[in-house]
Amino acid sequence: MKIKFLRVLALLIVALMVLSACGGEETPTDAPVVEEPSEEAPVEEPEEPAMAEETNIVHYYSGDLGRKDMQAIIDGFNDSQTACIVTDNTTGHEDFKTQILVMLAGENPPDIFSYWAGARVQFVVDAGRLMEISDFWNENDLDNVILPGIQGAKDYSGGVYAVPQNYHFTGFFYNPKVMEAAGITEMPETWDELMVAAETLKENGVYAFALGSKERWPAQFWFDFLVGYTAGHEYRAKLQAGEASFADPEVQHAMELWKELVEKEYFHPDANAYVWTDAADQVANGDAAMHLMGTWTTGYWNDNGLVPGEDYDLLPFPVIDANIPVATYGPVDAWAIPSDAASADCAKELLKWFLTPDMQAKWALGQGALAATTGVDPSIYNVVMAKANDLINSGTMWIPAYDLSTPPPNAEVGLNMFAQFMDDPANYVQWLEEAQEASEAAFAALNQ
Amino acid sequence: MARERRKWIILLSILPLTIYTIIVIIPLLSSFFYSFTNWNGFNPEYKFVGFSNYLKVFQDRYFELAIKNTLIWMVAAFVLPVVTGLAIALVLHERIRFANFYKSLFFLPICLSLAVIGQVWIWIYQPDWGLINTVLRSVGLEQLAIAWLANKNTALYSVIVAWSWQQVGLAMVIFLAGLTSIPEELTEAAQIDGASYWQSLRYVIIPLLSPATTVVIALSIINSLKSFDVVYMMTGGGPFHSSDTLAMFMFNESFKKYFMGYGSAIAVVLFLIAMVIIAFYFRQVRQLEQLYD
């Protein structure tokens with residue numbers, strides 16, 4: 001019996017060996033037969049056809065428009081050369097935040113991925129999971145290619161780890177027809193003027209502001225502007241670094257202003273029930289007059305047939321303290337290469353392709369983004385995007401938004417607090433105290 | 001012969017056991033291991049922190065809330081699918097017209113993933129044009145038309161209703177199978193003895209359905225402990241933790257806040273709770289088997 005068992009086992013092992021041998025390089029039966037070269041006539045070795053290197057890209061441009069444009073840009077790259085073949089892997093915008101970190105930590109990284117420049121890139125750099133690409137930056141003279149105002153998005157821990165793809169301007173995107181119907185012809189430039197306009201809109205049966213904070217991040221722009229425009233940009237930077245407290249009087253003052261807007265019912269109700277596109281729809285439909293959002297909202301509206309300058313326009317956030325320089329809080333979308341990317345050379349070639357003026361222009365127009373490179377002719381922008389571009393070029397500071405300028409664990413703390421505030425603004429002091437407690441825990445864990 | 005059979009059993013078990021070890025046992029042990037560390041889930045470096053994650057678990061008010069929500073969910077899982085599933089099964093067992101059509105209709109949600117169910121119910125709960133609020137407005141109950149998933153008082157219950165929608169189909173099928181196995185002689189005998197429908201239900205059908213009831217209750221409760229996908233889709237545990245279940249809370253702490261060590265400790269606690277319930281379930285099943293033997 002024992003012998004029989006061993007026979008079966010041996011048979012199994014032999015079968016496995018045979019199978020593994022078969023799984024190796026297989027010669028197709030219809031492969032051309034290469035004759036053995038004779039000594040007299042040396043024959044050149046047949047050239048093996050060059051195999052394109054498979055390159056994987058993961059990005060968060062998962063909306064209809066972004067996916068389509070990115071696919072077209074990648075297809076263009078694949079057609080332009082034969083050395084690399086790029087496979088596009090799109091992930092839902094919110095799921096991406098978790099998924100990319102799991103891929104990197106699981107040592108199963110893509111070869112290149114989109115990421116938000118700022119604290120999120122720093123978080124990955126600190127874990128040693130990004131490739132330094134300072135040489136790539138210098139070899140391609142990117143100092144003269146990328147717009148000077150956003151070059152800060154490249155540097156982390158003394159090296160270059162990210163290359164900007166585009167950036168956004170954040171401000172009030174409004175419905176001019178709604179404003180006109182309410183008799184508002186001069187757009188508010190100061191906080192007091194904004195309050196008057198909001199009251200006028202309310203009297204005309206229109207909510208002044210739409211906000212879709214279901215996914216929390218759209219509320220951060222209110223916090224950014226109110227803290228930055230009242231306590232100053234330096235204070236805000238300290239808060240982002242955990243060197244100031246959510247419970248500080250500076251933050252409380254900003255929240256008081258925000259609370260007043262909610263309590264006076266200037267906001268469309270149930271902000272936490274809607275996503276940002278719902279808020280954009282509320283503005284487009286005339287239920288609300290404006291929403292504080294980034295330039296990507298123009299891409300969404302354009303795609304839905306709205307006409308820039310007629311159906312929507314841009315208003316910079318009104319000045320609260322004339323001594324504080326005007327700024328905008330937005331994202332720089334960038335590209336990064338993992339430290340253990342299998343196809344880093346192809347990833348760099350793809351990066352070069354992304355930065356060509358044609359691809360930059362195509363992307364900026366489709367996305368409602370501002371191009372990251374100097375080579376793009378500003379005349380390509382529509383009237384609203386041109387206004388955003390002019391505001392940046394005329395001295396408006398560009399600062400990364402809240403969740404891009406503080407480490408991700410602390411970003412979570414603030415994002416939760418903003419949504420909680422929108423639900424119950426009256427108890428904002430309690431929410432700030434709780435946020436501070438959670439923030440301290442987040443920074444303590446990071447510094448361990 | 002028996003020895004040879006045993007050898008074959010061992011030989012054929014190697015592959016499934018290896019797969020099971022890789023995909024279940026090792027991750028399980030890893031969770032235990034990481035629950036004693038401060039790993040953030042991303043940085044390769046971490047330190048051992050002893051039992052501090054477990055101490056934090058029992059001091060965290062949001063963990064307490066997640067436990068409370070999970071208990072509410074378990075009670076709802078005990079009541080909603082069991083009662084509704086039994087009621088539907090009893091009606092459909094009465095050979096009504098189009099019974100098979102109705103069975104398919106009620107069973108349909110089982111064929112859908114909870115992610116799809118979550119999305120469907122997001123539309124149903126949508127505050128402006130969702131089915132529920134549209135109906136409420138059309139019957140003059142405008143004041144009841146609220147943002148169901150954005151309100152911290154209604155979010156959890158709204159998700160439970162969506163989840164139960166699927167579970168009812170499963171309960172119905174199990175109860176129908178149980179009803180089919182009850183000998184007709186018993187219900188006929190009860191009728192001859194003058195028992196009303198409710199009396200025969202109370203004293204004959206429901207007691208004989210106890211194996212099916214045990215299975216339905218156990219499945220519902222175990223599924224409620226696993227409830228993650230539908231919560232993730234519909235509320236993400238929000239607003240402000242109000243619909244956090246243990247599984248959702250564990251995910252948010254691990255992957256959103258990057259406290260993987262702490263998240264692992266929550267996972268271990270969840271595992272232990274599930275083990276107690278499963279042990280209780282098996283005990284009940286064994287007792288029932290002995291009873292019916």
Side-chain angles (χ1 to χ4, degrees), chain A residues 1-2 4-6 8-9 12 94-95 97-107 123-124 126-129 212-216 268-275 278 281-282 285 287 407-413 415-417 419-424 431 434 438 441-442 444-446 448, chain B residues 1-8 10-12 14 37-47 49 56 60-62 122 125-130 133 145-155 232-242 251-262:
Chain A
M1 199 62 73
K2 193 172 182 180
K4 204 172 174 186
F5 176 74
L6 286 172
V8 172
L9 197 67
L12 241 160
E94 288 307 299
D95 295 331
K97 291 174 183 172
T98 303
Q99 190 181 325
I100 189 65
L101 295 184
V102 171
M103 288 176 86
L104 294 171
E107 292 171 0
F123 186 68
V124 186
D126 288 345
R129 299 203 186 273
S213 50
K214 184 178 179 182
E215 289 171 341
R216 303 173 303 164
H268 191 289
D270 297 324
N272 289 332
Y274 301 104
V275 295
D278 295 328
D281 291 344
Q282 287 162 2
N285 297 337
D287 294 336
N410 191 52
E412 276 298 305
V413 172
L415 295 179
N416 283 338
M417 189 267 285
Q420 197 149 25
F421 169 81
M422 284 309 296
D423 183 68
D424 181 9
W431 311 138
E434 286 182 11
L446 283 169
Q448 265 178 354
Chain B
M1 197 67 186
R3 229 175 122 191
E4 191 185 4
R5 193 164 170 263
R6 202 161 47 241
K7 275 174 197 163
W8 274 108
I10 293 169
L11 195 67
L12 293 173
I14 290 172
T37 71
N38 67 349
W39 190 40
N40 70 359
F42 187 62
N43 204 313
E45 290 161 17
Y46 53 82
K47 287 181 197 157
V49 293
K56 187 179 167 190
D60 190 333
R61 63 176 178 279
Y62 293 121
I122 285 173
Y125 287 127
Q126 209 281 343
D128 298 326
W129 44 261
N133 283 1
I146 57 169
W148 298 92
L149 296 175
N151 186 315
K152 60 188 172 207
N153 299 317
T154 55
Y232 180 81
M233 275 301 293
M234 293 180 74
T235 63
F240 338 116
H241 300 276
S242 62
F251 175 84
N252 282 336
E253 290 296 315
S254 306
F255 294 103
K256 296 263 170 135
K257 296 185 180 172
Y258 306 99
F259 295 138
M260 188 62 82
Y262 182 49

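Each chain gets a letter, A, B and so on, in the order its sequence line appears, and its residues count up from 1. Source: prediction; values computed, not measured. What you see below is based on every heavy atom in this structure, not just the backbone, and it leaves out hydrogens, waters and symmetry mates.
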Q.
Can you tell me which portion of A/V124 sits under 4.5 Å from chain B's heavy atoms? Options are side chain, backbone, both or neither.
A. both
Q. Given a strict heavy-atom distance threshold of 4.5 Å, which part of B/Y46 is in contact with chain A: side chain, backbone, both, or neither?
A. neither
Q: Side chain from CB out, backbone as N, CA, C, O: work out which of these in B/Y62 comes under 4.5 Å of a heavy atom of chain A, or both, or neither.
A: side chain
Q | Most contacts with chain A, counted as non-hydrogen pairs under 4.5 angstrom, among B/I122, B/N40, B/D128 | A | B/D128
Q. A/K97 versus chain B, heavy atoms under 4.5 Å apart: side chain, backbone, both or neither?
A. backbone
Q: Indicate the atoms forming the closest heavy-atom contact of A/W431 with A/Q420, along with that distance.
A: CZ3-NE2, 3.3 Å
Q. Between B/R61 and A/E434, is there a salt bridge with N-O shorter than 4.0 Å?
A. yes
(Q) Would B/K257 and B/Y262 count as a cation-pi pair here, with the cationic atom under 6.0 angstrom from the ring centre and within 45° of the axis? (A) no
**Q.** Pairwise side-chain contact, B/H241 with B/K152, heavy-atom cut-off 4.5 Å (strictly under)
**A.** no
(Q) Among residues at least two apart in sequence or on other chains, which ones pass ring pair (Phe, Tyr, Trp, His ring centres under 6.0 Å) with A/F123? (A) B/F42, B/Y258
(Q) Among B/P44, B/A147, B/P239, B/P127, which residue has the highest count of heavy-atom pairs closer than 4.5 Å to chain A? (A) B/P44
Q: Go through the structure and list residues passing ring pair (Phe, Tyr, Trp, His ring centres under 6.0 Å) with B/F251, not counting sequence neighbours.
A: B/F228, B/Y232, B/F255
Q.
Any heavy-atom pair between the side chains of A/R216 and A/N416 that's under 4.5 Å?
A. yes
Q. Any idea which of A/N410, A/L104, A/D423, A/D126 has the most non-hydrogen atom pairs under 4.5 angstrom with chain B?
A. A/D423
Q: Could you tell me which of A/G128, A/A271, A/P409 has the largest number of non-hydrogen atom pairs under 4.5 Å with chain B?
A: A/P409
Q.
If I measure from the heavy atoms of chain A, does B/E45 come under 4.5 Å with its side chain, its backbone, both, or neither?
A. neither
